[in-house]
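All heavy atoms count here, side chains included; hydrogens, waters and symmetry mates do not. Since this is a predicted model, take the numbers as computed values, not measurements. Below, chains carry the letters A, B, ... as their sequence lines are ordered, and counting in each starts from 1.
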Number of protein chains: 2
Amino acid sequence: MAKRGPYEKGEAKRKEILQAALEIFAAEGYRGTSLRKVAARCNISLPGLMHYFDSKEDLLTQVLRMRDETARVRQEQRPTGPDVYREIIREGRATPGLVELFVSLAAAASDTEHPAHEYFAERYPRLREQVAAWLRGRTEAGQLRSGIPPERLATLLIALVDGIQLQWLIDRSVDMEQPIADVMALLAPGDAER
Amino acid sequence: MAKRGPYEKGEAKRKEILQAALEIFAAEGYRGTSLRKVAARCNISLPGLMHYFDSKEDLLTQVLRMRDETARVRQEQRPTGPDVYREIIREGRATPGLVELFVSLAAAASDTEHPAHEYFAERYPRLREQVAAWLRGRTEAGQLRSGIPPERLATLLIALVDGIQLQWLIDRSVDMEQPIADVMALLAPGDAER
DNA sequence: GTCTATACATGGATAGAC
DNA sequence: GTCTATCCATGTATAGAC
């Protein structure tokens, strides 16, 4: 076992590229950001960069995966962070370029052949599962009216978060938390006062 | 006045191009559809096409405008079509390529300099206004609990429609009408049975 | 495995003739 | 108003050095 873990340097470089790409896209947005620019930031040539990724869309997809992973780790440290959606929104507000990237890729990934399709096809059900579990917990704690099945509510809440981000991308004065707060208020048990 | 209206032929050609672009994008999606292909469909060269539009994004924006206009005209014929959102969803389901185009452009248009920015910056407030007006009508008719101001509910419903389309783009088995129906149910007056 | 240099294909855009 | 010709940027593919 004298041999060190394989791909040691490569793995580091790969991460460096992903990080650089994330920063550039976060700063300058999806449009007008070329791979050559990312490569230059990493002091590497274009083909050097392409050694680590199959295509541009592959790189982009992995950027999103990396971001998810970061969020997941942070989530674990503070176990059962209740308001998952708030976390998503807060992070989105800090990095509009990544929100743009997310939305653009999601749209493009409607094509089954797109490299990011699998990512989204896995991500949404997983997210729904998580949110639904959280909702079930609240229901059992009597903090939620339970007329609508949690899975359906989860679908609804996720759509709400994605959709409000779209409006926010156009007009940054839009309050992204309000609609979710409104729905949660509608779901509150003692809601007859309205 | 022997002179015919100016740009007579040009206006027709412009519309033809827009129509062709709409069809191609609706069929093949946003990705991998070049302007040259659109030009070819119109028996014209690329620069010939560019004579009518400042840029690709300009053309794309006008495609969306045209689609809005078509919807608006149809809406007027059947006055106060109540379930506006249903109409949007139905149309979306028939033309996934245009949904993709819409979402992609909306994301890209977050940049204030983007040709489509103005379109979306105008569209969302107008839509909110329309939906809010419809909601006010329902509230006065006693068909709606009125705890949340109509403008906020409008923002919420629009976000819901946009967001659920995103999930649907990835997984076509997602029911786009369910979440809206669920929210409307939550808003129904006699909702204590849950 | 890691990376450079080079070449290529495609797509949007522009100049200028007709 | 439309074309030919051309340009430039970008993603991609290949050859090969270390």
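Nearest to the side-chain atoms of B:Lys56 among the listed nucleotides C:dA13, D:dT12, C:dC3 stands C:dA13.
Proximity of the aromatic rings of A:Phe102 and A:Tyr30 is defined here by a centroid distance below 6.0 angstrom, and this criterion is not met.
To the nearest angstrom, P of D:dT10 lies 19 Å from CZ of A:Phe53. B:Leu35 places its CG atom 10 Å from the P atom of C:dG11, with the value rounded to the nearest Å. Look at CE on B:Met50: it is 16 Å from P on D:dG1, rounded to the nearest Å. Look at CG on A:Leu49: it is 15 Å from P on C:dA5, rounded to the nearest Å. Going from atom CD1 of A:Ile44 over to atom C1' of D:dA17 covers 15 Å, rounded to whole Å. Distance, B:Lys37 NZ to C:dG11 P: 8 Å, rounded to whole Å. In this structure, B:Arg36 atom CZ and C:dA13 atom P are separated by 10 Å, rounded to whole Å. One can place CG of A:Asp58 at 16 Å from C1' of D:dA13, the figure rounded to the nearest angstrom.
Contact annotation: the side chain of A:Thr155 never approaches that of A:Val131 to less than 4.5 Å [non-hydrogen atoms, C-beta and beyond]. In this structure, the side chains of B:Ile158 and A:Gln167 come closer than 4.5 Å at one or more pairs of heavy atoms.
Within 4.0 Å of B:Leu46, counting heavy atoms only, lies at least one base atom of the nucleic acid.
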Under the side-chain hydrogen bond (donor to acceptor under 3.5 Å, both in side chains) rule, what do B:Asp182 and B:Gln178 come out as? Steps first, then yes or no, please. CA-CA 6 Å; B:Asp182 284 340; B:Gln178 186 70 67; 3.1 Å; yes
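Contact detail for A:Ala20 and A:Arg41: the closest heavy-atom pair is CB-CG, 3.8 Å.
Side-chain nitrogen and oxygen atoms of B:Lys9 include at least one within less than 4.0 Å of the OP1 or OP2 phosphate oxygen of D:dT2. OP1 or OP2 of C:dC3 has at least one side-chain nitrogen or oxygen of A:Tyr52 nearer than 4.0 Å. Distances shorter than 4.0 Å separate none of the side-chain N or O atoms of A:His51 from OP1 or OP2 on C:dC3. B:Ser45 has a side-chain polar atom (N or O) that falls below the 4.0 Å cut-off from OP1 or OP2 of D:dC3.
Of the residues near DNA chain D, A:Pro47 and A:Gly32, the one whose nearest nucleotide (by heavy atom distance) lies more toward the 5' end is A:Gly32.
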